[in-house]
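Here the structure comes first, spelled out in C-alpha coordinates, and everything after it is commentary.
These figures come from a predicted structure and were not determined experimentally. Just so it is clear: chains get the letters A, B, ... in the order the sequence lines come, proteins before strands, and each one is counted from 1.
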There are 2 protein chains.
Amino acid sequence: MLRTNTEFLTYIDALYQSNRPEVTLQNFEKDSLLLRQGEKSHRVFVIKEGIAKCFFLEENGKDYILEFMSKGQILGEIEMIKQIDCLCNVAALTSLQVYAIPAPVFKQLLAKDLILNKILLEELAERIINTSSRASFQQLYTVEHGLGKLLELQEKQGMEISKEDMAAYLGITLRSLNRALKGL
Amino acid sequence: MLRTNTEFLTYIDALYQSNRPEVTLQNFEKDSLLLRQGEKSHRVFVIKEGIAKCFFLEENGKDYILEFMSKGQILGEIEMIKQIDCLCNVAALTSLQVYAIPAPVFKQLLAKDLILNKILLEELAERIINTSSRASFQQLYTVEHGLGKLLELQEKQGMEISKEDMAAYLGITLRSLNRALKGL
DNA sequence: ACAAAAAAAGGACAAATGTCCTAAACGATT
DNA sequence: AATCGTTTAGGACATTTGTCCTTTTTTTGT
(Lines give C-alpha, C1' and ligand atoms only; values in the text may rest on other atoms or scores of the structure.)
Protein backbone atom coordinates (compact mmCIF):
# COMPACT_ATOMS: atom_id res chain seq x y z
CA MET A 1 0.00 0.00 0.00
CA LEU A 2 3.02 2.27 0.08
CA ARG A 3 3.67 2.16 -3.62
CA THR A 4 7.13 2.57 -5.10
CA ASN A 5 8.65 2.03 -8.54
CA THR A 6 12.43 1.89 -8.70
CA GLU A 7 12.47 1.21 -12.40
CA PHE A 8 10.64 4.41 -13.09
CA LEU A 9 12.84 6.42 -10.75
CA THR A 10 15.91 5.17 -12.59
CA TYR A 11 14.34 6.15 -15.89
CA ILE A 12 13.56 9.68 -14.73
CA ASP A 13 16.90 10.11 -12.99
CA ALA A 14 18.54 9.38 -16.32
CA LEU A 15 16.20 11.76 -18.12
CA TYR A 16 17.04 14.50 -15.65
CA GLN A 17 20.75 13.83 -16.06
CA SER A 18 20.54 14.00 -19.85
CA ASN A 19 19.81 16.90 -22.15
CA ARG A 20 16.44 17.83 -20.68
CA PRO A 21 16.53 21.23 -19.02
CA GLU A 22 12.72 21.32 -18.87
CA VAL A 23 12.72 18.56 -16.28
CA THR A 24 13.21 20.17 -12.89
CA LEU A 25 13.65 19.02 -9.34
CA GLN A 26 11.21 20.62 -6.91
CA ASN A 27 10.50 20.55 -3.21
CA PHE A 28 7.15 20.50 -1.49
CA GLU A 29 6.79 20.90 2.19
CA LYS A 30 4.80 18.58 4.39
CA ASP A 31 1.03 19.03 4.04
CA SER A 32 1.21 21.03 0.82
CA LEU A 33 -0.95 20.05 -2.13
CA LEU A 34 0.71 18.90 -5.36
CA LEU A 35 -2.48 18.35 -7.28
CA ARG A 36 -5.93 19.69 -6.53
CA GLN A 37 -8.99 17.66 -7.44
CA GLY A 38 -10.92 19.22 -10.32
CA GLU A 39 -8.19 21.63 -11.35
CA LYS A 40 -6.10 21.48 -14.50
CA SER A 41 -2.52 20.35 -14.31
CA HIS A 42 0.19 21.00 -16.86
CA ARG A 43 2.90 18.65 -15.62
CA VAL A 44 3.47 15.29 -14.08
CA PHE A 45 5.50 14.61 -10.96
CA VAL A 46 7.74 11.72 -10.08
CA ILE A 47 8.62 11.28 -6.44
CA LYS A 48 12.34 11.18 -5.71
CA GLU A 49 12.01 11.25 -1.95
CA GLY A 50 9.19 11.32 0.57
CA ILE A 51 5.60 10.14 0.86
CA ALA A 52 2.40 11.54 -0.60
CA LYS A 53 -1.24 10.52 -0.39
CA CYS A 54 -3.79 10.51 -3.19
CA PHE A 55 -7.31 11.08 -1.99
CA PHE A 56 -10.79 11.94 -3.14
CA LEU A 57 -12.73 14.61 -1.38
CA GLU A 58 -16.36 13.61 -1.83
CA GLU A 59 -19.23 16.05 -1.95
CA ASN A 60 -20.37 14.98 1.49
CA GLY A 61 -17.06 16.20 2.88
CA LYS A 62 -15.53 12.80 3.49
CA ASP A 63 -12.08 11.75 2.32
CA TYR A 64 -11.12 8.48 0.72
CA ILE A 65 -7.41 7.71 0.38
CA LEU A 66 -6.56 5.76 -2.75
CA GLU A 67 -2.88 5.16 -2.28
CA PHE A 68 0.19 6.20 -0.39
CA MET A 69 2.91 7.01 -2.90
CA SER A 70 6.66 7.00 -2.48
CA LYS A 71 9.88 6.71 -4.45
CA GLY A 72 9.48 6.43 -8.19
CA GLN A 73 5.74 6.93 -8.25
CA ILE A 74 4.32 9.14 -10.92
CA LEU A 75 1.53 11.61 -10.21
CA GLY A 76 -0.82 13.25 -12.68
CA GLU A 77 -0.16 10.86 -15.54
CA ILE A 78 -3.74 9.64 -15.76
CA GLU A 79 -4.91 13.19 -16.19
CA MET A 80 -2.33 13.68 -18.93
CA ILE A 81 -3.22 10.46 -20.74
CA LYS A 82 -6.94 11.10 -20.63
CA GLN A 83 -6.73 14.86 -20.92
CA ILE A 84 -8.87 15.54 -17.91
CA ASP A 85 -8.80 17.68 -14.81
CA CYS A 86 -7.26 16.25 -11.67
CA LEU A 87 -9.13 13.20 -10.52
CA CYS A 88 -8.12 13.52 -6.91
CA ASN A 89 -5.99 15.50 -4.51
CA VAL A 90 -2.37 14.70 -3.87
CA ALA A 91 -0.86 15.93 -0.62
CA ALA A 92 2.63 15.66 0.85
CA LEU A 93 2.64 13.52 3.99
CA THR A 94 6.33 14.24 4.50
CA SER A 95 8.46 16.88 2.85
CA LEU A 96 8.85 15.86 -0.76
CA GLN A 97 11.43 16.02 -3.46
CA VAL A 98 9.94 15.45 -6.90
CA TYR A 99 10.85 15.70 -10.54
CA ALA A 100 8.44 17.87 -12.47
CA ILE A 101 7.96 17.11 -16.15
CA PRO A 102 6.04 19.62 -18.28
CA ALA A 103 3.05 18.25 -20.17
CA PRO A 104 4.53 18.74 -23.67
CA VAL A 105 7.69 16.86 -22.73
CA PHE A 106 5.76 14.02 -21.17
CA LYS A 107 3.38 13.75 -24.09
CA GLN A 108 6.21 13.69 -26.55
CA LEU A 109 7.96 10.92 -24.65
CA LEU A 110 4.68 9.03 -24.47
CA ALA A 111 4.32 9.29 -28.23
CA LYS A 112 7.83 8.09 -29.00
CA ASP A 113 9.39 6.10 -26.22
CA LEU A 114 8.45 2.44 -25.94
CA ILE A 115 10.41 2.07 -22.73
CA LEU A 116 8.30 4.70 -21.00
CA ASN A 117 5.16 3.13 -22.40
CA LYS A 118 6.16 -0.22 -20.97
CA ILE A 119 6.96 1.16 -17.55
CA LEU A 120 3.69 3.06 -17.46
CA LEU A 121 1.61 0.11 -18.60
CA GLU A 122 3.10 -1.99 -15.84
CA GLU A 123 2.50 0.69 -13.27
CA LEU A 124 -1.12 1.27 -14.31
CA ALA A 125 -1.73 -2.48 -14.40
CA GLU A 126 -0.42 -2.78 -10.88
CA ARG A 127 -2.60 0.05 -9.68
CA ILE A 128 -5.65 -1.62 -11.15
CA ILE A 129 -4.74 -4.82 -9.35
CA ASN A 130 -4.33 -2.94 -6.09
CA THR A 131 -7.35 -0.73 -6.36
CA SER A 132 -9.73 -3.43 -7.45
CA SER A 133 -8.51 -6.01 -4.95
CA ARG A 134 -8.87 -3.48 -2.20
CA ALA A 135 -12.34 -2.41 -3.30
CA SER A 136 -13.47 -6.01 -3.27
CA PHE A 137 -11.83 -6.74 0.04
CA GLN A 138 -13.25 -3.68 1.76
CA GLN A 139 -16.75 -4.36 0.53
CA LEU A 140 -16.74 -8.02 1.39
CA TYR A 141 -14.84 -8.27 4.64
CA THR A 142 -15.18 -6.71 8.07
CA VAL A 143 -13.38 -3.54 9.04
CA GLU A 144 -11.25 -5.43 11.55
CA HIS A 145 -10.04 -7.68 8.80
CA GLY A 146 -9.04 -4.69 6.70
CA LEU A 147 -7.50 -2.87 9.62
CA GLY A 148 -5.35 -5.90 10.39
CA LYS A 149 -3.91 -5.79 6.92
CA LEU A 150 -3.30 -2.07 7.11
CA LEU A 151 -1.43 -2.31 10.43
CA GLU A 152 0.66 -5.16 9.10
CA LEU A 153 1.74 -3.23 6.04
CA GLN A 154 2.31 -0.11 8.06
CA GLU A 155 4.61 -1.97 10.42
CA LYS A 156 6.45 -3.71 7.63
CA GLN A 157 7.12 -0.39 5.97
CA GLY A 158 7.95 1.47 9.14
CA MET A 159 5.68 4.33 8.21
CA GLU A 160 3.29 5.88 10.62
CA ILE A 161 -0.12 7.01 9.52
CA SER A 162 -2.38 9.32 11.44
CA LYS A 163 -5.62 7.79 12.62
CA GLU A 164 -7.53 10.14 10.43
CA ASP A 165 -5.65 8.88 7.39
CA MET A 166 -6.15 5.29 8.44
CA ALA A 167 -9.88 5.85 8.65
CA ALA A 168 -9.87 7.61 5.28
CA TYR A 169 -7.94 4.73 3.79
CA LEU A 170 -10.39 2.19 5.17
CA GLY A 171 -13.37 4.29 4.18
CA ILE A 172 -14.78 4.45 7.70
CA THR A 173 -15.26 7.06 10.41
CA LEU A 174 -12.75 7.78 13.12
CA ARG A 175 -15.21 6.42 15.66
CA SER A 176 -15.35 3.10 13.87
CA LEU A 177 -11.60 2.97 13.61
CA ASN A 178 -11.22 3.47 17.35
CA ARG A 179 -13.67 0.69 17.99
CA ALA A 180 -11.88 -1.61 15.59
CA LEU A 181 -8.56 -0.84 17.28
CA LYS A 182 -10.05 -1.80 20.65
CA GLY A 183 -11.27 -5.08 19.20
CA LEU A 184 -7.73 -5.58 17.95
CA MET B 1 -20.33 0.83 -16.02
CA LEU B 2 -20.88 -1.12 -19.20
CA ARG B 3 -17.46 -0.49 -20.63
CA THR B 4 -16.76 -0.36 -24.36
CA ASN B 5 -13.84 0.75 -26.52
CA THR B 6 -14.58 1.26 -30.18
CA GLU B 7 -11.06 2.39 -30.97
CA PHE B 8 -9.65 -0.86 -29.74
CA LEU B 9 -12.23 -2.91 -31.60
CA THR B 10 -11.29 -1.15 -34.82
CA TYR B 11 -7.64 -1.87 -34.15
CA ILE B 12 -8.25 -5.57 -33.57
CA ASP B 13 -10.66 -5.88 -36.48
CA ALA B 14 -7.86 -4.61 -38.70
CA LEU B 15 -5.36 -6.96 -37.13
CA TYR B 16 -7.67 -9.88 -37.74
CA GLN B 17 -8.19 -8.82 -41.34
CA SER B 18 -4.45 -8.54 -41.98
CA ASN B 19 -1.78 -11.22 -42.12
CA ARG B 20 -2.35 -12.62 -38.66
CA PRO B 21 -3.65 -16.18 -38.83
CA GLU B 22 -2.91 -16.66 -35.10
CA VAL B 23 -5.68 -14.24 -34.20
CA THR B 24 -8.93 -16.20 -34.13
CA LEU B 25 -12.58 -15.45 -33.64
CA GLN B 26 -14.21 -17.57 -30.94
CA ASN B 27 -17.63 -18.01 -29.44
CA PHE B 28 -18.54 -18.50 -25.81
CA GLU B 29 -21.99 -19.38 -24.73
CA LYS B 30 -23.87 -17.57 -22.01
CA ASP B 31 -22.62 -18.34 -18.50
CA SER B 32 -19.35 -19.89 -19.63
CA LEU B 33 -16.09 -18.77 -18.06
CA LEU B 34 -13.47 -17.09 -20.25
CA LEU B 35 -10.90 -16.63 -17.50
CA ARG B 36 -10.70 -18.38 -14.19
CA GLN B 37 -9.29 -16.59 -11.17
CA GLY B 38 -5.92 -17.96 -10.11
CA GLU B 39 -5.31 -19.94 -13.28
CA LYS B 40 -2.77 -19.20 -15.97
CA SER B 41 -3.90 -17.73 -19.26
CA HIS B 42 -2.00 -17.81 -22.50
CA ARG B 43 -4.03 -15.39 -24.56
CA VAL B 44 -5.98 -12.17 -24.36
CA PHE B 45 -9.54 -11.70 -25.56
CA VAL B 46 -11.20 -8.73 -27.18
CA ILE B 47 -14.97 -8.66 -27.18
CA LYS B 48 -16.54 -8.28 -30.60
CA GLU B 49 -20.11 -8.83 -29.47
CA GLY B 50 -21.89 -9.50 -26.20
CA ILE B 51 -21.46 -8.70 -22.51
CA ALA B 52 -19.16 -10.24 -19.91
CA LYS B 53 -18.63 -9.61 -16.22
CA CYS B 54 -15.32 -9.52 -14.37
CA PHE B 55 -15.62 -10.58 -10.76
CA PHE B 56 -13.61 -11.63 -7.77
CA LEU B 57 -14.61 -14.69 -5.84
CA GLU B 58 -13.42 -14.01 -2.32
CA GLU B 59 -12.37 -16.68 0.12
CA ASN B 60 -15.56 -16.19 2.11
CA GLY B 61 -17.56 -17.25 -0.92
CA LYS B 62 -18.85 -13.81 -1.85
CA ASP B 63 -18.62 -12.28 -5.31
CA TYR B 64 -17.61 -8.74 -6.16
CA ILE B 65 -18.22 -7.57 -9.71
CA LEU B 66 -15.57 -5.16 -10.98
CA GLU B 67 -16.94 -4.26 -14.38
CA PHE B 68 -19.38 -5.20 -17.05
CA MET B 69 -17.50 -5.45 -20.34
CA SER B 70 -18.78 -5.11 -23.87
CA LYS B 71 -17.63 -4.26 -27.40
CA GLY B 72 -13.95 -3.57 -27.79
CA GLN B 73 -12.97 -4.41 -24.24
CA ILE B 74 -9.83 -6.41 -23.72
CA LEU B 75 -9.64 -9.20 -21.18
CA GLY B 76 -6.55 -10.77 -19.65
CA GLU B 77 -4.18 -7.99 -20.62
CA ILE B 78 -3.24 -7.10 -17.06
CA GLU B 79 -2.19 -10.67 -16.45
CA MET B 80 -0.09 -10.58 -19.62
CA ILE B 81 1.54 -7.26 -18.75
CA LYS B 82 2.36 -8.26 -15.20
CA GLN B 83 2.97 -11.93 -15.93
CA ILE B 84 0.60 -13.17 -13.30
CA ASP B 85 -2.22 -15.67 -12.96
CA CYS B 86 -5.74 -14.50 -13.59
CA LEU B 87 -6.73 -11.80 -11.15
CA CYS B 88 -10.42 -12.46 -11.38
CA ASN B 89 -13.06 -14.52 -13.15
CA VAL B 90 -14.58 -13.43 -16.41
CA ALA B 91 -17.97 -14.90 -17.31
CA ALA B 92 -20.23 -14.47 -20.33
CA LEU B 93 -23.47 -12.72 -19.39
CA THR B 94 -24.76 -13.13 -22.93
CA SER B 95 -23.41 -15.32 -25.67
CA LEU B 96 -20.10 -13.84 -26.73
CA GLN B 97 -18.06 -13.41 -29.83
CA VAL B 98 -14.43 -12.59 -29.07
CA TYR B 99 -11.10 -12.29 -30.78
CA ALA B 100 -8.45 -14.46 -29.16
CA ILE B 101 -4.85 -13.29 -29.40
CA PRO B 102 -2.10 -15.69 -28.31
CA ALA B 103 0.29 -14.41 -25.66
CA PRO B 104 3.38 -14.31 -27.90
CA VAL B 105 1.57 -12.28 -30.53
CA PHE B 106 0.23 -9.85 -27.98
CA LYS B 107 3.58 -9.45 -26.27
CA GLN B 108 5.30 -8.82 -29.53
CA LEU B 109 2.79 -6.14 -30.46
CA LEU B 110 3.19 -4.61 -27.04
CA ALA B 111 6.94 -4.43 -27.53
CA LYS B 112 6.77 -2.82 -30.94
CA ASP B 113 3.50 -1.03 -31.59
CA LEU B 114 3.11 2.45 -30.17
CA ILE B 115 -0.50 2.59 -31.33
CA LEU B 116 -1.42 -0.41 -29.24
CA ASN B 117 0.50 1.00 -26.33
CA LYS B 118 -1.43 4.24 -26.57
CA ILE B 119 -4.80 2.52 -26.74
CA LEU B 120 -3.95 0.33 -23.80
CA LEU B 121 -2.66 3.17 -21.68
CA GLU B 122 -5.87 5.06 -22.26
CA GLU B 123 -7.96 2.04 -21.44
CA LEU B 124 -6.08 1.25 -18.25
CA ALA B 125 -6.21 4.89 -17.22
CA GLU B 126 -9.95 4.89 -17.67
CA ARG B 127 -10.32 1.72 -15.64
CA ILE B 128 -8.37 3.26 -12.82
CA ILE B 129 -10.63 6.28 -12.92
CA ASN B 130 -13.69 4.05 -12.82
CA THR B 131 -12.53 1.61 -10.24
CA SER B 132 -11.18 4.17 -7.84
CA SER B 133 -14.13 6.53 -8.14
CA ARG B 134 -16.47 3.66 -7.50
CA ALA B 135 -14.50 2.38 -4.52
CA SER B 136 -14.61 5.82 -2.99
CA PHE B 137 -18.28 6.29 -3.73
CA GLN B 138 -19.32 2.93 -2.36
CA GLN B 139 -17.37 3.39 0.83
CA LEU B 140 -18.54 6.91 1.47
CA TYR B 141 -22.17 6.95 0.42
CA THR B 142 -25.24 4.94 1.34
CA VAL B 143 -26.30 1.86 -0.56
CA GLU B 144 -29.42 3.60 -1.80
CA HIS B 145 -27.29 6.32 -3.32
CA GLY B 146 -25.19 3.74 -5.13
CA LEU B 147 -28.19 1.73 -6.19
CA GLY B 148 -29.72 4.83 -7.70
CA LYS B 149 -26.70 5.33 -9.90
CA LEU B 150 -26.67 1.69 -10.92
CA LEU B 151 -30.31 1.71 -11.95
CA GLU B 152 -29.79 4.91 -13.91
CA LEU B 153 -26.89 3.49 -15.88
CA GLN B 154 -28.69 0.22 -16.37
CA GLU B 155 -31.67 2.01 -17.86
CA LYS B 156 -29.54 4.26 -20.02
CA GLN B 157 -27.76 1.27 -21.47
CA GLY B 158 -30.85 -0.87 -21.81
CA MET B 159 -29.16 -3.81 -20.20
CA GLU B 160 -30.80 -5.89 -17.56
CA ILE B 161 -28.84 -7.23 -14.66
CA SER B 162 -29.97 -10.00 -12.35
CA LYS B 163 -30.52 -8.96 -8.77
CA GLU B 164 -27.72 -11.23 -7.71
CA ASP B 165 -25.33 -9.40 -10.02
CA MET B 166 -26.58 -6.03 -8.85
CA ALA B 167 -25.85 -7.01 -5.28
CA ALA B 168 -22.41 -8.33 -6.26
CA TYR B 169 -21.70 -5.08 -8.07
CA LEU B 170 -22.70 -3.02 -5.06
CA GLY B 171 -20.85 -5.30 -2.69
CA ILE B 172 -23.91 -6.02 -0.58
CA THR B 173 -26.15 -9.00 0.14
CA LEU B 174 -29.32 -9.79 -1.75
CA ARG B 175 -31.29 -9.03 1.38
CA SER B 176 -29.86 -5.55 1.56
CA LEU B 177 -30.52 -4.99 -2.12
CA ASN B 178 -34.17 -5.90 -1.70
CA ARG B 179 -34.48 -3.51 1.18
CA ALA B 180 -32.80 -0.73 -0.78
CA LEU B 181 -35.14 -1.34 -3.71
CA LYS B 182 -38.14 -0.96 -1.39
CA GLY B 183 -36.76 2.31 -0.08
CA LEU B 184 -36.44 3.38 -3.73
C1' DA C 1 -55.25 -27.06 -13.49
C1' DC C 2 -52.85 -28.83 -9.67
C1' DA C 3 -49.12 -30.36 -6.78
C1' DA C 4 -44.46 -30.45 -5.96
C1' DA C 5 -40.19 -28.25 -6.33
C1' DA C 6 -37.41 -24.27 -6.91
C1' DA C 7 -36.56 -19.39 -6.64
C1' DA C 8 -37.38 -14.93 -4.77
C1' DA C 9 -38.95 -11.90 -1.11
C1' DG C 10 -39.36 -10.55 3.44
C1' DG C 11 -39.58 -10.83 8.90
C1' DA C 12 -36.94 -10.97 13.12
C1' DC C 13 -33.08 -10.51 15.45
C1' DA C 14 -28.00 -9.68 15.89
C1' DA C 15 -23.96 -7.31 14.62
C1' DA C 16 -21.70 -3.41 12.69
C1' DT C 17 -21.36 1.40 11.78
C1' DG C 18 -22.52 6.35 11.97
C1' DT C 19 -23.89 10.55 14.51
C1' DC C 20 -23.74 13.42 18.23
C1' DC C 21 -22.12 14.71 22.29
C1' DT C 22 -19.35 14.36 26.62
C1' DA C 23 -15.07 13.09 28.96
C1' DA C 24 -10.28 12.51 29.00
C1' DA C 25 -5.62 13.62 27.42
C1' DC C 26 -2.38 16.60 25.70
C1' DG C 27 0.18 21.16 24.78
C1' DA C 28 1.24 25.62 25.06
C1' DT C 29 1.41 29.80 27.71
C1' DT C 30 1.95 32.16 31.74
C1' DA D 1 2.45 23.76 38.32
C1' DA D 2 -2.13 25.72 36.86
C1' DT D 3 -5.23 27.12 33.28
C1' DC D 4 -7.07 27.52 28.99
C1' DG D 5 -7.75 25.68 24.54
C1' DT D 6 -7.36 22.01 21.34
C1' DT D 7 -7.15 17.44 20.11
C1' DT D 8 -8.31 12.56 20.87
C1' DA D 9 -11.12 8.85 22.82
C1' DG D 10 -15.29 6.91 24.05
C1' DG D 11 -20.52 6.51 25.65
C1' DA D 12 -25.31 6.31 24.10
C1' DC D 13 -28.45 5.85 20.82
C1' DA D 14 -30.12 5.44 15.96
C1' DT D 15 -29.50 3.52 11.55
C1' DT D 16 -27.78 0.29 8.45
C1' DT D 17 -26.52 -4.20 7.10
C1' DG D 18 -26.01 -9.22 7.60
C1' DT D 19 -27.70 -13.85 8.95
C1' DC D 20 -31.01 -17.12 9.30
C1' DC D 21 -35.22 -18.79 8.50
C1' DT D 22 -40.14 -18.58 7.02
C1' DT D 23 -43.44 -17.13 3.63
C1' DT D 24 -44.71 -16.05 -0.90
C1' DT D 25 -44.21 -16.37 -5.75
C1' DT D 26 -42.80 -18.64 -9.81
C1' DT D 27 -41.73 -22.58 -12.44
C1' DT D 28 -42.12 -27.35 -13.84
C1' DG D 29 -44.10 -31.77 -14.64
C1' DT D 30 -48.00 -34.51 -15.00
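- With respect to B/K40 and B/E79, no salt bridge is recorded, no charged nitrogen being found less than 4.0 Å from a carboxylate O.
- Salt bridge present: A/K71 and A/E49 bring a charged side-chain N and a carboxylate O closer than 4.0 Å.
- A residue-by-residue look at B/Q139 and B/E164 shows that B/E164 has its nearest nucleotide of DNA chain C further toward the 5' end.
- One side chain, A/Q73 or A/R127, offers a donor N or O that lies under 3.5 Å from an acceptor on the other.
- If B/T142 and A/N178 are placed on DNA chain D by their nearest nucleotide, the residue sitting closer to the 5' end is A/N178.
- Side-chain atoms of B/F56 and B/C88, non-hydrogen and from C-beta on, do get closer than 4.5 Å to each other.
- Contact of the A/R43 side chain with the A/L34 side chain is not registered, since no non-hydrogen atoms from C-beta on lie closer than 4.5 Å.
- Nucleotides of DNA chain D that come within less than 4.0 Å of any heavy atom of chain A span, from the 5' end to the 3' end, D/dA9 to D/dA12.
- At the heavy-atom level, A/L174 lies nowhere under 4.0 Å from the strands shown.
- Protein chain B touches strand DNA chain C; the 5'-most and 3'-most nucleotides with an atom under 4.0 angstrom of its non-hydrogen atoms are C/dA9 to C/dA12.
- Hydrophobic clustering, with ILVMFWY side chains joined whenever heavy atoms are under 4.5 angstrom apart, keeps A/L75 apart from A/F55.
- Note on ring orientation: taking the six-membered ring where Trp is involved, the planes of B/Y99 and B/Y16 are tilted (angle from 30° to 60°).
- For the residue pair B/I47 and B/A52, the shortest heavy atom distance occurs at CD1-CB, 4.1 Å.
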